[in-house]
Structures are given as structure tokens and as C-alpha cells.
2 protein chains.
Amino acid sequence: MTTTAQDATGDARRQELFRGTVLAASRLDGQLLAAAGELARPAGLTAAWWQVLDAVLPGPLPVAGIARAMGVSRQSVQRVADLLVSHGWAAYCTNPAHRRAKLLAPTAEGRAAVARIGPGQAAFAARLSAAMGGEAELAAALGALRRLSAALEAVHAADTGKPLEPGA
Amino acid sequence: MTTTAQDATGDARRQELFRGTVLAASRLDGQLLAAAGELARPAGLTAAWWQVLDAVLPGPLPVAGIARAMGVSRQSVQRVADLLVSHGWAAYCTNPAHRRAKLLAPTAEGRAAVARIGPGQAAFAARLSAAMGGEAELAAALGALRRLSAALEAVHAADTGKPLEPGA
DNA sequence: GTTTCATTGACAGTATCCTGTCATTGGGAC
DNA sequence: GTCCCAATGACAGGATACTGTCAATGAAAC
């Protein structure tokens, strides 16, 4: 460990770095959630609904599988999935591999709703890319996000030997 | 706008970039919140409480001011601030400049609680820094977070002419 | 075939944060 | 001095997500 008397200033510097990261990530998530919400609203969706619906566009998935893919708890996805189904955006299909774990699949209306978001999303993504100074910079920022996630995952795994995923 | 027929693949690429960013930011925020929560728990604090308490360590601030500094709504901070006061971690002081807008200040117990988190935070920050490959890499990632936030802010401001802060 | 365990869904409870609305306060416009 | 507006706090309501717990299901161990 580096927590020696000689390294007190290093500790303080890293603490500040960590606190700044927590703050920045919280702010960024809030901003992106708000932006996604505004993009999805004209289609009658919320940001969370969009995320779940988008996750099953490539193919049907069980609720728990969606949760794993998104890194959130099963219950959160379950709630949104039930809402999507009750609104007709998605439907549960029988799962040949598991009787209880029904597969969530988008309906035609669901696909149409996501498609309606497309143009606005493309325009916003283009503006964001431009504001970042180019696609390369945006891609680099995304890479940084993922490296941070991976590092956190690694640290947590080293601590507990368990993955960080909630509800796991 | 770049949304021409010729740039359809560019649109798709940027859309994917944007979706990936939303997903990664959400995941990262969740991970950092969980990590901060674990660090704060031994001191009897939650991640949200810690954030608010930490914001007033340098000096007393009104609730609305804390909210602005954190980029969240006044109501969220108000709720946490009331809880902090009711638990004795912080106290409201009279504000000479505004009778209603009392200033939130940490109590001695509050400062002690934050201080108790310090060592764990330093150790975790050191491990995170190591997992990122060094402090420089961690600092670079933080820079990327902030650039993304600033770009989102700029795009939103260009859209509405208003800052993105919630509850504003 | 039976037992055991992990996965999944369902439900209750809680934490966090947002929007909308209203009265109070303070400062600037007139 | 009066009026209007922005900022603030208080309150109600809703959205999102996590933990804990339980029963049902499927698969693996024996």
C-alpha cells in the first residue's frame, strides 16, 4: 500500500482525483440521462424505457439478461419491462430454454418508436461530436469511461472476489 | 446539419457512439456511487450525504448553492441537508445576506465523520489509480469526463439558450 | 432418481432524485 | 416608495433503482 507518512501528499492528490471523478461522473450521467430523455420523449418513451427497448432490438432477451447487459439490477429492468409490455411497446415470448424466464421482445410499435428517435439522436450525436472537437475525441472519451469502469470493476473484484454488478 | 443521405453511415456511427456513452456513463456512475457508499458506510454516511457534507467543508453554503455546485436539484440537496442536520452531522446557520436561505455548515461530528472516511478513500483512490495504470491516466479520464460534461452543456445551451442544470 | 444449487421472477421496503406548485424573501425597475 | 421579478425554501407527487426475501424453475452433482 502507498499509505505511508511520506506519501501523504500523494494520498491527498489521489483523494481529490477520486472525489472529482465521483462528482464528474454523477453530473455526466445526469446530463446524458436528461439528454436521452428529451430525445426519447417525442416518441412517448423515457430514457430508461429506451435503454431497455434498445437492448432487445437485436434479439429477445430475458429480463435478467438485459439487467446483466446494462449493469443494473433485475428488478429495475423488470419494472420497466412490465411497463413497456403494458404500453404495447414490447411483449413477452415463451422461452424454450426456461419456462419462467420469458423473453422480452419489441413489438412493431416498439421498433417504430425507437426508429422515430433515430433522426433526433443522430442530430444530437453529431452536435455532441462537434462540441467535443470531433468523432475521435468523442470516441476517446467513451474509451476513458470504459477504462474507468473496468478499473473500478478490477479493484472491486480484488477486494471481494465478486463482480460489482448490483443485485448479483 | 450532417444528416444527409450521403452521411447515413456517419450518423449511424455517431448514434452508436452516443448510445455507448449513455450506457457507459450510467454504469460508471453506478459503480462509483456503490464504491463511495462502501467507503462512507463505516462512518455512518451514505454516498449522497458524504457529497453534501463534503461540499460545505470549505465553508458554509445555502442549500441552493450546494445544489448548483453539484449540478442537482435544490430539493435533493434540501432533503439530504435536513437529514444531515437531524443526525447532527451538520447545522443551519443564519445567513446575514438572506433571512430564509440559511447556511449549511458541518458540525464537529460531521467533520470527524468525513475525516474517518479519509484513509479508506485514500487507499481506494490509490488502488483505482493503479488499476488505471497510473495517476496520469486517472487524471486523463477525469479530464475526459469533464470535457464530455462541458460539451453536453454547450450543446444544450445552443439548443435552448438555457443552462442544463436541473431545477434551474 | 434424488438432492443440491444457481437462476429467475415476484413482492415489499427504502433511497435518491426529479417536476410542479406555492408562499416568502430580497433586490432592482419604475 | 411601490411594484415586479428572481431566488429560496416547503410541500406534494412521481420516476428510477437498490436491497432483502421468497417461491418456482432448470441444471448439475451424487
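Every heavy atom of this structure was used, including side-chain atoms; hydrogens, water molecules and symmetry mates were not. No experiment lies behind these values; they were computed from the predicted model shown. Letters A, B, ... are given to chains in the order of the sequence lines, protein chains preceding strands, and every chain is numbered from 1.
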*Asks:* Given C/dA10, D/dA17, D/dC11, which nucleotide is nearest the side-chain atoms of A/Val80?
*Replies:*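 Nucleotide nearest to A/Val80's side chain: D/dA17.
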
*Asks:* Counting distance only, does the side-chain N/O of B/Ser86 pair as donor-acceptor with the main-chain N or O of B/Leu83 below 3.5 Å?
*Replies:*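 Yes, B/Ser86 side chain to B/Leu83 backbone: donor-acceptor pair under 3.5 Å.
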
*Asks:* Given the structure, check if the side chain of A/Arg74 and the base of C/dG9 hold any donor-acceptor pair shorter than 3.5 Å.
*Replies:*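 Yes.
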
*Asks:* Judged by each residue's nearest nucleotide on DNA chain D, which is more toward the 5′ side, A/Ala48 or B/Ala101?
*Replies:*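 Taking each residue's closest nucleotide, the earlier one in sequence belongs to B/Ala101.
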
*Asks:* Is it the case that the side chain of A/Asp11 and the backbone of B/Ala122 share a donor-acceptor pair, with hydrogens and angles ignored and the cut-off at 3.5 Å?
*Replies:*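 No.
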
*Asks:* Are B/Leu33 and B/Leu45 connected in the hydrophobic side-chain network, where two residues link if heavy atoms are under 4.5 Å apart?
*Replies:*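 Different clusters: B/Leu33 never reaches B/Leu45 through Ile, Leu, Val, Met, Phe, Trp or Tyr contacts under 4.5 Å.
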
*Asks:* By nearest heavy atom, map A/Ser26 and A/Lys102 onto DNA chain C; which one lands nearer the 5' end?
*Replies:*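 Of the two residues, A/Lys102 wins.
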
*Asks:* Could you work out which one of C/dG20, D/dG9, D/dT21 sits closest to the side chain of B/Gln75?
*Replies:*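 Selected nucleotide: C/dG20.
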
*Asks:* In whole angstrom, give the distance that lies between atom OH of A/Tyr92 and atom C1' of C/dT8.
*Replies:*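 Rounded to whole Å, this separation is 12 Å.
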
*Asks:* Would you indicate, yes or no, if D/dA15 has its OP1 or OP2 atom less than 4.0 angstrom from a side-chain nitrogen or oxygen of A/Trp49?
*Replies:*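 So the side chain of A/Trp49 is outside the cut-off, no N or O lying under 4.0 Å from OP1 or OP2 of D/dA15.
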
*Asks:* Side chain of A/Pro62, heavy atoms from C-beta onward: which of D/dG20, C/dG9, C/dC17 has the nearest atom to it?
*Replies:*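 The listed nucleotide nearest to A/Pro62's side chain is C/dG9.
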
*Asks:* OP1 or OP2 of D/dT16 sitting under 4.0 Å from any side-chain N/O of A/Arg79?
*Replies:*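 Checking A/Arg79 against D/dT16: at least one side-chain N or O falls below 4.0 Å of OP1 or OP2.
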
*Asks:* A/Leu33 CG to C/dT16 C1': how many Å, rounded?
*Replies:*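 Nearest whole value for this atom pair: 13 Å.
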
*Asks:* Does a donor on one side chain and an acceptor on the other come within less than 3.5 Å for A/Gln121 and B/Arg14?
*Replies:*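 No, B/Arg14 and A/Gln121 have no side-chain donor paired with an acceptor closer than 3.5 Å.
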
*Asks:* Measure the distance from CG on A/Leu83 to P on C/dA10 and round it to the nearest whole Å.
*Replies:*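 A/Leu83 atom CG is separated from C/dA10 atom P by 13 Å.
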
*Asks:* Can you see which heavy atom on A/Arg27 is nearest to which on B/Arg68, and at what distance?
*Replies:*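 Where A/Arg27 meets B/Arg68 most closely, the heavy atoms are NH2-O, 3.6 Å.
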
*Asks:* Taking atom P of D/dT8 as reference, at what distance in whole Å does atom CG of B/Asp82 sit?
*Replies:*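 B/Asp82 atom CG is separated from D/dT8 atom P by 16 Å.
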
*Asks:* Atom CZ of A/Arg100 to atom P of C/dC11: distance rounded to whole Å?
*Replies:*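 Atom-to-atom, A/Arg100 to C/dC11, this comes out as 10 Å.
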
*Asks:* For B/Ser73 and C/dC18, is the shortest distance between a side-chain N/O and OP1 or OP2 below 4.0 Å?
*Replies:*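 Answer yes for this pair, as a side-chain N or O of B/Ser73 is under 4.0 Å from OP1 or OP2.
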
*Asks:* Determine: side-chain N/O of B/Gln78 to OP1/OP2 of D/dA10, distance under 4.0 Å, yes or no.
*Replies:*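 So the side chain of B/Gln78 is within the cut-off, an N or O lying under 4.0 Å from OP1 or OP2 of D/dA10.
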
*Asks:* To the nearest angstrom, how far is A/Leu104 atom CG from C/dG9 atom C1'?
*Replies:*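 The distance from CG of A/Leu104 to C1' of C/dG9 comes to 13 Å, rounded to the nearest Å.
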
*Asks:* Any side-chain N or O of B/Thr46 less than 4.0 Å from the OP1 or OP2 oxygen of C/dT16?
*Replies:*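 It does, given that an N or O in the side chain of B/Thr46 lies less than 4.0 Å from OP1 or OP2 of C/dT16.
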
*Asks:* Give a yes/no answer on whether the side chain of B/Ser76 brings an N or O atom under 4.0 Å of OP1 or OP2 in C/dC18.
*Replies:*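 B/Ser76 to C/dC18 OP1/OP2: side-chain N or O found under 4.0 Å.
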
*Asks:* What is the separation between atom NE2 on B/His98 and atom P on D/dA6, rounded to the nearest whole Å?
*Replies:*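 Nearest whole value for this atom pair: 14 Å.
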
*Asks:* Rounded to the nearest Å, what distance is computed from the CZ atom of residue A/Arg68 to the P atom of nucleotide C/dA6?
*Replies:*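 So the two atoms are 15 Å apart, to the nearest Å.
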
